[in-house]
Amino acid sequence: METTRAVVFTNIIIAVSSLFIVVLFLVGSVSGGGSLFFNFYGNSCPAVEFVVRNAVTSSSSSDPSIPGKLLRLLFHDCFVEGCDASLMLRGNNTELSDPANRSIGGLSVIDLAKRDLEMLCPETVSCADIIALAARDAVAITGGPMIPIPTGRRDGVVSVVSNVRPNIVDTSFTMDQMINLFSTKGLSLIDLLVLSGAHTIGAAHCSSIRSRFQETSNGKFTLIDKTLDSNYANDLIQQCPTGVSPSVTVNNDPETSLVFDNQYYRNLMNNKGLFPSDSALLIDGRTRKLVEDLANDQQLFFESWGQSFLKLTSIGVKTGDEGQIRRFCGATN
């Protein structure tokens, strides 16, 4: 029964993905360049993927936290205004002004790749494409699958702080809240479950897990969220005691924090999801069995990740004559 369910799950993923890719090519072929294409820069900037990969690899070699930061950057960019690098725009009241985005990292990696590409191919490669490719490469260099993704995104010119909160997942969200938000982005329940696997790498600030604990009269934390393994909770309390500096972080995955694998789902099975929104995936009957499947089959996770990641990087893209190709990712032209 377990094997049959996993096979069915895989077939569903592959079928949906194949249809999505076919539609992607058909739309692109009839719109005169108004969509995404594989090898979009084949003639205009053939070195683009090499340059981005080099920026990600070199930055990650000196800072192992970079891959997780790049993946988070992609999520926060695509969920607000679509995948258009609106998160990269600096200034008052931009998306970066929201407290949830002030700790976003990896911006320097995107700026590095953009600088090099502007020297090679001026005003050709969008910051939006660099973000998508960098996140793809971040997964690959940490042990995950290398996913071919289409390019041709253009950069947006709107970045407003008030658009952030209604469009990003809070770590305290219930399943219904997450499902509703993901559905507004064209993402399914399966996409929600699979893309949550991004938490297999990266780190979070201690403040993001405070709701799972209560401060006692003697200034110590005690566990109040009984969906969390007590031993894991004690480890978190040691890493994030009361009065800890706001800059202190804790790994999303307590086991293999620098490796993109299916350990995230095995952690969930052991009640070691860092956020309440992680634990909700195991508790909810709509996703529990799928969590088990992904925990037992890393290849299934990798295949599923490829399909859902393709959809994620296509949310609300601007193509054709929309937006612009910024010369500098931090400002419009």
Side-chain angles (χ1 to χ4, degrees), residues 51-81 83-91 94-117 126-144 155 159 161 163-165 167-171 195-209 239-240 244-254 256-260 264 274-275 277-278 309 312-313 326 328-331:
V51 171
V52 173
R53 190 173 305 118
N54 184 63
V56 173
T57 303
S58 60
S59 298
S60 300
S61 65
S62 58
D63 181 0
S65 71
I66 286 294
K69 292 175 179 177
L70 290 172
L71 206 45
R72 183 173 180 236
L73 169 59
L74 174 74
F75 273 85
H76 281 236
D77 180 50
C78 290
F79 267 57
V80 183
E81 296 290 344
C83 304
D84 68 348
S86 57
L87 181 56
M88 294 287 294
L89 291 172
R90 277 75 156 181
T94 61
E95 292 172 30
L96 279 174
S97 303
D98 188 273
N101 286 337
R102 289 174 190 162
S103 61
I104 289 287
L107 302 178
S108 62
V109 181
I110 308 303
D111 287 334
L112 172 62
K114 179 62 173 175
R115 183 199 67 191
D116 292 344
L117 287 167
S126 68
C127 300
D129 273 339
I130 296 172
I131 291 173
L133 290 170
R136 183 275 304 274
D137 292 340
V139 169
I141 69 171
T142 51
D155 299 322
S159 182
V161 66
N163 289 341
V164 175
R165 288 298 160 148
N167 287 289
I168 61 172
V169 174
D170 187 274
T171 57
L195 292 173
S196 294
H199 288 166
T200 189
I201 58 174
H205 286 84
C206 290
S207 58
S208 64
I209 60 172
Q239 297 177 69
C240 297
V244 69
S245 168
S247 64
V248 173
T249 60
V250 59
N251 290 330
N252 291 339
D253 177 354
T256 57
S257 62
L258 299 178
V259 180
F260 192 93
Y264 168 77
L274 182 62
F275 306 122
S277 55
D278 292 323
F309 186 79
L312 169 65
T313 55
R326 292 187 215 142
F328 171 66
C329 291

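Reckoned from all heavy atoms, side chains included, excluding hydrogens, waters and symmetry mates. Along the sequence shown, the residues carry numbers beginning at 1.
One finds the CG atom of Leu195 at 10.5 Å from the SG atom of Cys78 (value rounded to the nearest 0.5 Å). Remark: Cys329 SG to Asp155 CG distance equals 6.5 Å, nearest 0.5 Å. The distance from atom CD1 of Ile66 to atom OG of Ser61, rounded to the nearest 0.5 Å, is 10.0 Å. Residue Asn101 holds its CG atom at 9.0 Å from CG of Leu73, rounded to the nearest 0.5 Å. To the nearest 0.5 angstrom, Leu71 atom CG is 13.0 Å from Arg136 atom CZ. Rounding to the nearest 0.5 angstrom, the gap separating the CD atom in Glu95 from the OG atom in Ser159 is 3.5 Å.
Residues Arg326 and Met88 meet the side-chain proximity criterion, which asks for heavy atoms closer than 4.5 Å. Between Leu87 and Val80 there is no side-chain heavy-atom pair separated by less than 4.5 Å. The closest side-chain heavy-atom distance from Arg90 to Leu96 is below 4.5 Å. No side-chain heavy atom of Asp170 sits under 4.5 Å from any side-chain heavy atom of Ser277. Residues Thr313 and Leu74 meet the side-chain proximity criterion, which asks for heavy atoms closer than 4.5 Å. Contact check for Ser59 versus Leu112: side-chain heavy atoms found under the 4.5 Å cut-off. Side-chain atoms of His199 and Phe275, non-hydrogen and from C-beta on, do get closer than 4.5 Å to each other. In this structure, the side chains of Tyr264 and Asn252 stay at 4.5 Å or more apart for every pair of heavy atoms.
In terms of heavy-atom proximity, Ile141 sits nearest to Ser60 at CD1-OG, 3.5 Å. Heavy-atom minimum distance, Thr94 versus Val161: O-CB, 3.3 Å. In terms of heavy atoms, Ala113 sits closest to Ile130 at CB-CG2, 3.9 Å. The shortest non-hydrogen separation linking Pro99 to Arg165 is CB-NH2, 3.8 Å. Closest approach of Pro64 and Leu258 over heavy atoms only: O-CD2, 3.8 Å. The heavy-atom pair separating Ala138 from Thr142 by the smallest distance is O-OG1, 2.9 Å.
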- Task: Apply the test side chain to side chain donor-acceptor pair (under 3.5 Å) to residues Asp253 and Thr256: give CA-CA distance (whole Å), side-chain angles for both, the deciding distance (0.1 Å), then the verdict.
- Result: CA-CA 6 Å; Asp253 177 354; Thr256 57; 3.0 Å; yes
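Applying the salt bridge (Lys or Arg N to Asp or Glu O under 4.0 Å) test to every pair with at least one member in residues 51-80, sequence neighbours left out, gives these pairs: Glu49-Arg53, Arg53-Asp137, Asp63-Lys69.
Here the side chain of Ser58 pairs a donor or acceptor atom with the backbone of Asn54 at under 3.5 angstrom. Using a distance-only test at 3.5 Å, with no hydrogens or angles considered, a donor-acceptor pair links the side chain of Ser208 to the main chain of His205.
Qualifying ring pair (Phe, Tyr, Trp, His ring centres under 6.0 Å) partners for Phe79, counting only residues two or more places apart in sequence or in other chains: Phe182.
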